Amino acid sequence: MRTALVKGRVFHWLKNFPWHWLLALLVAWAGHLFLRPAWGMLQGHDLLDAFFASDGEAVARYLQTGGATHVSRVMLGLVIQLMAIGLLARARIAWAMSLVLLLAMVTFLVRVDAGPAGLIALGVVLIGLLLAKWQHFDRASLAAGSLFAALALSCLLVYSVFGSLYLGDQFSPAILDPVTAFYFSLVSMSTVGYGDIVPKGDAARMFTLSVVMLGITLFATSLSVVVGPLVGGNIRRLLYGRISHVMRKNHIILAGSGSLALSVYQALIQRGHEVTVIQGPGDPGIFPAQADILQGDASDTEVLRRAGGRDARYVLALRPEDAENAFIILAARDVIGSGTKLVALVNAPVHLDKVRHVNPDIVISLQALGAEILARTLSGEPIDDALIKHLLFGEKAPA
C-alpha cells in the first residue's frame with residue numbers, strides 16, 4: 001500500500017502539474033529564438049521607414065532581395081509568441097494553431113532558411129509535448145476565439161500588403177505605395193472587387209486569388225470560432241450549466257463505478273438527496289440516464305470544482321482501488337468548503353490505517369464492518385451506535 005501511495009502521489013503530481021504554463025513559456029521562448037536573427041536584420045535596414053514614407057519601390061526592392069524571408073520569419077515568430085497567451089488560457093484553438101505554427105517553423109528552418117539544430121529540436125519536442133498533453137487544452141472561449149480572429153486577420157493583411165508591393169508592377173495600375181496596397185488588400189479580402197486595380201501577370205492573378213480565398217476562409221473560420229463558443233456556451237449553460245449549478249448545492253458527490261457505488265446512489269436518491277456522480281473515462285455506464293454525471297478523474301481538483309465540491313455536503317470516494325480513494329480525498333481537501341464531509345471506502349482491510357492517514361471524516365471498510373458485526377452476533381455481543389461509530393469514525397471501541 002505504501003508503494004502504491006508513493007506511486008499515486010507521483011502520478012497525482014504529474015497529472016496536476018500546470019503543463020499549460022510550461023508549454024506556453026517554451027512556445028514563447030521558441031518564437032523569440034526564431035524571430036531574433038530576422039529582427040536584427042530588419043533593424044539594419046530602413047524597411048519600416050520606407051513603408052511609412054509610402055516608398056513602395058524601396059519596400060519592393062528590399063522584399064525582392066531577400067527581405068521577404070526576414071519579414072516572414074518575424075511575422076511567424078511573433079504569432080508563435082502570441083499563441084502562448086492562448087495556451088495559458090488552455091484554449092483548444094491556441095493548441096491547434098501552435099501545432100501548425102511550430103510545424104511551419106521547423107519546415108522553414110529545414111527548407112527555407114537553415115537554422116540551428118537546437119531550435120529545430122526544440123520545435124520537434126514542443127510538437128510532441130503538445131500532442132501528448134492535448135487533454136490540458138480543452139477550453140473554447142470567446143477571448144481565445146477573438147484573439148485567433150485578430151491574429152489571422154493581421155497576418156493575412158500583412159501578407160496581402162507586402163505581397164501587393166512585391167508584385168506591384170504586375171497590376172494595372174501598378175501598386176507602388178503602401179496606401180494603395182492596403183486599399184487593394186482590404187477590397188480583395190472582403191471580396192468586394194471594385195475592379196479599379198486589376199492583376200495582369202499570372203503571379204499577380206494567383207496572388208489575388210489566394211487573398212480572396214484566404215479572406216473567405218478567415219471570415220467563415222472566425223465566425224465559427226468567435227460566435228460558436230458564445231452561442232454554444234449559452235446553450236450548454238441553459239441545458240447543463242444553469243441546471244447543474246442549481247442542482248449542485250447541498251448535494252452529495254459520488255466518485256465510484258462498481259456495484260457498491262450504484263447501490264449507494266440508488267439509496268441516496270430514494271431518500272431525496274441530490275447526487276452528482278463523477279465517472280472516469282473507462283468506467284462502465286451503470287448509472288441511470290437521468291443521473292447527474294460528470295465525466296472526468298475524481299482526483300483532479302478541476303473536476304471536483306466543476307462537480308460543485310465547495311458547496312457539497314459529502315464527497316464519497318467509492319472507487320475499487322484504495323490508492324484512488326486516498327487521492328480523491330487529498331484532492332478534495334483543496335476544493336471543499338468548511339461544511340463538507342469526506343468519506344473514503346477501504347476495499348482491503350490491511351489498508352485501513354493507511355487510508356486514515358489522509359484524514360477522511362468517515363472511513364468505510366465493508367469487510368471489517370461485516371466481520372465485526374458477524375462476530376458480535378455469533379458471540380451474543382451488543383451491536384449499538386458506539387460500535388458503528390468505532391467502525392466508521394475510528395472512535396474508541398465500546399467495552
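What you see is a predicted model; the values in this text were computed from it and never measured.
Here the closest non-hydrogen pair linking Met83 and Ser98 is CB-OG, 3.5 Å. Across all non-hydrogen atoms, the minimal contact from Ala30 to Met105 is O-SD, 4.1 Å. When every heavy atom of Phe171 is checked against every heavy atom of Ser164, the shortest pair comes out as CE1-O, 4.2 Å. Closest non-hydrogen pair, Ile253 versus Ala307, comes out as CD1-O, 3.7 Å. When every heavy atom of Ala298 is checked against every heavy atom of Ile328, the shortest pair comes out as CB-CD1, 3.7 Å.
Separation of atoms CD1 (Ile278) and OG (Ser257) is listed at 12.5 Å; rounding is to 0.5 Å. Atom-to-atom distance recorded for Phe287:CZ and Ile269:CD1 is 10.5 Å, nearest 0.5 angstrom. Atoms CG and CG, on Leu87 and Leu23 in that order, are 7.0 Å from each other to the nearest 0.5 Å. Rounding to the nearest 0.5 Å gives a distance of 9.0 Å between CD of Gln81 and CG of Leu33. Atoms CG and NE2, from Leu119 and His32 in turn, are 11.0 Å apart once rounded to the nearest 0.5 Å. How far CG of Asn325 is from CG of Leu330: 11.0 Å, rounded to the nearest 0.5 Å.
With a 6.0 Å radius and a threshold of 12 heavy atoms from other residues, nucleotides or ligands, Phe182 has its CZ atom at or below the threshold. Under a cut-off of 6.0 angstrom, the local environment of OH in Tyr265 is crowded, with over 12 non-hydrogen atoms contributed by other residues, nucleotides or ligands.
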List, one per line, each side-chain donor-acceptor pair under 3.5 Å for residues 335-350, sequence neighbours excluded.
unit_1	atom_1	unit_2	atom_2	d
Thr340	OG1	Ala312	O	2.6
Asn347	ND2	Arg319	O	3.1
Asn347	ND2	Pro320	O	3.1
Asn347	ND2	Asp322	OD1	2.9

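Side-chain atoms of Leu131 and Trp95, non-hydrogen and from C-beta on, do get closer than 4.5 Å to each other. Side-chain contact between Leu157 and Leu186 is present, with at least one heavy-atom pair separated by less than 4.5 Å. Here the side chains of Leu102 and Leu130 are in contact, with some heavy-atom distance below 4.5 Å. Using a 4.5 Å cut-off on side-chain heavy atoms (C-beta onward), Leu99 and Ile127 make contact. The shortest side-chain heavy-atom distance between Phe184 and Thr208 falls under the 4.5 Å cut-off. Between Leu26 and Leu22, some side-chain heavy-atom pair lies under the 4.5 Å cut-off.
Under a 4.5 Å side-chain heavy-atom criterion applied to ILVMFWY residues, the cluster that includes Met206 comprises Leu209 as well.
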Step-by-step side-chain contact (heavy atoms from CB on, under 4.5 Å) determination, Met97 to Val79: CA-CA 10 Å; Met97 287 299 300; Val79 175; 5.7 Å; no

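Counting only distance, with no hydrogens or angles, the side chain of His357 and the backbone of Val355 share no donor-acceptor pair below 3.5 Å. With Ser185 contributing its side chain and Val161 its backbone, the two residues share a donor-acceptor pair below 3.5 Å. Side-chain N or O atoms of Ser160 include none that pairs as donor or acceptor with a backbone N or O of Leu156 at under 3.5 Å. Side-chain atoms of Ser190 come within 3.5 Å of backbone N or O of Val187 as a donor-acceptor pair.
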